[in-house]
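As structure tokens, the structure follows; a few thoughts come after it.
Protein chains get the first letters and strands the later ones, always in sequence-line order, with residue 1 at the start of each.
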2 protein chains.
Amino acid sequence: MTKSRVVNLDELRSHCQKCSLYRLCMPMGLEQGDLERLDRIIHRRRPVEKGEYLYRIGEPFQSVYALRAGSIKTFTINQEGHEQIVGFHLPGELLGLDAIAGKVHVTSARALETVSVCELPFERLEELSLQIPGLQHHLLSLMSEELQHEHCHLAVLARAPVESRLASFLCQLSDRFRARGYSATDFNLSMSRNDIANLLGMAVETISRLFSQFQEQGLLKVERKHVQIRDLPALQTLANRCTTDVRTESALNRQEH
Amino acid sequence: MTKSRVVNLDELRSHCQKCSLYRLCMPMGLEQGDLERLDRIIHRRRPVEKGEYLYRIGEPFQSVYALRAGSIKTFTINQEGHEQIVGFHLPGELLGLDAIAGKVHVTSARALETVSVCELPFERLEELSLQIPGLQHHLLSLMSEELQHEHCHLAVLARAPVESRLASFLCQLSDRFRARGYSATDFNLSMSRNDIANLLGMAVETISRLFSQFQEQGLLKVERKHVQIRDLPALQTLANRCTTDVRTESALNRQEH
DNA sequence: GCTATTCTTTGATCTGGATCAAGGCTCCGT
DNA sequence: ACGGAGCCTTGATCCAGATCAAAGAATAGC
């Protein structure tokens, strides 16, 4: 997250072959030729600034987006116009897959900081999936992971007391940073307390109080956006997650070959 | 739901061509030949009795299941062994897609009443998806719908007061029954109050009180498992759903060609 | 058909976390 | 450097809905 504020324009123009993330967003073991075919359908878009939208609810669905740097929140809007965050996204993740069925975006995606993305026109991606071995399976797997992840989130919202919710959120972030080669215990939150509260179905004030409480208990140090986890095992115990979150697990496996 | 208790053995042995549900579970517009190829990979399993498991968390993932008759609940188990229901499933739905990524089931599926299912070995389904036009897209669409549906559920759990939760649940059921050609206002709940409470993240007592309250308000009549919706619009207003739930919407579209 | 068990309803109480209120910090633009 | 607009924190109060308790249906097992 720290690194993501620096946007290297050369890097933006670079190809999958050189992208340190392609193991996360695309299947491993792709032939060189396949990687090139994939590369050819990808539009490398200019950076999206903090607060800008990658796509909005209701827009026609054309492409999915692979996040290369920075972080993004996705959310729905209910009938009162209230925003409900469904997730935060880190580099290597594919966004927009939930719009396949309706051909219209059902969530909005908004940059939490400057991000760079690869745009993958979905129809062409589907065509390629019929041809490149493993690509179809990879897409299905990614969606399946997302489903699993939502199951966990759902269980948290349905049952967990507030301490567990925040602990669970932090542990999950920790895992995801680790999977990306960043520190698992020392990171910046790119989202506001408000956004965290929204995701976890609680009030901002409660988030704030919990951060203070966790700090007093020696579980972590927090200053503004910066979090340093002091006792990850204790935090994990607090989190008591439904099942190990596979999203991070499989990302790790992929990372390690 | 009412009909589902009668299990016709002839029907169980019948093929996709004759199945009234194939429009729901499989893509429409399949060539006769394609439908036969699909049909050939399907195992028609004997009925699963109420309370029996279709699959359990941790079991190796081999197949997805198309529900033909009856209803099923799927749930995760948290570390205290507590069951968290993630959904109820009606005829025409495909179950088990969340296990693709990990090759292991991450939810358990348990019959709420006697059900019949078609088992589709997933590897063979994947192979077919590379060959039959539209099948790959259909699978992706189904998963995408599921994701959307979970987003809605998530929004309900995060924000909605109890009245909205139950109203939302009932409206959704109503829609899904309608999409299947059953009455949208008159149906039986195959799940217990406990299961409903669990899904919606509330206490059984609250569910019970709300049913009484809704009845007093003239929104519905409820007796034991049987629900008769009297004022669907009012219920929908109460529900105030995040976005129209696409799962039922697209099923309707498919039904009507 | 009878008893045990599980499911459902209703009432009374209690509490976790929301809401309300207010002051301090940051970061932004000028 | 300064002023203003959001953020974030902390404290005080309140209430929606959980929990506890108990009795009445329904179903299953014998």
- Side chains of A:H105 and A:D98: donor-acceptor distance under 3.5 Å anywhere? no
- Touch check for B:S208, heavy atoms < 4.0 angstrom, all strands: base, sugar-phosphate only, or nothing? base
- Query: Do the side chain of A:R180 and the main chain of A:P91 share a donor and acceptor less than 3.5 angstrom apart?
  - Reply: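 Confirmed, A:R180 side chain pairs with A:P91 backbone.
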- Counting N and O atoms only, with roles assigned by atom type, does the side chain of A:Q148 sit under 3.5 Å from a partner on the main chain of B:A99, one being a donor and the other an acceptor?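 Checked: no pair found.
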- For B:E49, salt bridge (Lys or Arg N to Asp or Glu O under 4.0 Å) partners two or more places apart: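 Result, salt bridge (Lys or Arg N to Asp or Glu O under 4.0 Å) vs B:E49: none returned.
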- Note on the structure: Once base and sugar-phosphate atoms are separated, protein heavy atoms under 4.0 Å mark nucleotides 17-26 of chain C, 5' to 3', with B, S and - as SSBB-----S
Roughly how many Å is it from [atom1] in [X] to [atom2] in [N], rounded to a whole number?
X      : N      : atom1 : atom2 : value
B:I207 : D:dA16 : CD1   : P     : 18 Å
B:L157 : D:dA18 : CG    : P     : 12 Å
A:F211 : D:dT9  : CZ    : P     : 8 Å
A:Q213 : D:dT9  : CD    : C1'   : 14 Å
B:Q215 : C:dT10 : CD    : C1'   : 14 Å
A:L189 : D:dT9  : CG    : P     : 10 Å
B:L210 : D:dG17 : CG    : P     : 8 Å
A:M191 : D:dC7  : CE    : P     : 15 Å

- Task: Evaluate the side-chain proximity of A:V64 to A:Y55: yes if any heavy-atom separation is below 4.5 Å, no if none is.
- Result: no
- Partners of A:S63 by side chain to side chain contact (heavy atoms under 4.5 Å, CB included), sequence neighbours excluded?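 Here the qualifying residues are A:Y65, A:E119, A:P121.
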Show me the donor-acceptor pairs, under 3.5 Å and distance only, between side chains in residues 203-223 of chain A and residues at least two apart or in other chains.
residue: A:S212; atom: OG; partner: A:S208; partner atom: O; Å: 3.2
residue: A:Q215; atom: OE1; partner: A:V222; partner atom: N; Å: 2.8

- Message: With a 4.0 Å cutoff (strictly under), does any side-chain N or O of B:K225 reach OP1 or OP2 of C:dT8?
- Response: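 Looking at the OP1 and OP2 atoms of C:dT8, one of them is under 4.0 Å from a side-chain N or O of B:K225.
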- Query: Counting just side-chain N and O atoms, does B:S212 come under 4.0 Å of either OP1 or OP2 of C:dT10?
  - Reply: yes
N/O to N/O distances under 3.5 Å, protein versus nucleotides 3-5 of chain C:
none

- What residues form a ring pair (Phe, Tyr, Trp, His ring centres under 6.0 Å) with A:F75, not counting sequence neighbours?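 None.
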- Message: What I want to find out is whether B:E113 reaches B:K225 closely enough, with some N-O distance under 4.0 Å, to be called a salt bridge.
- Response: no
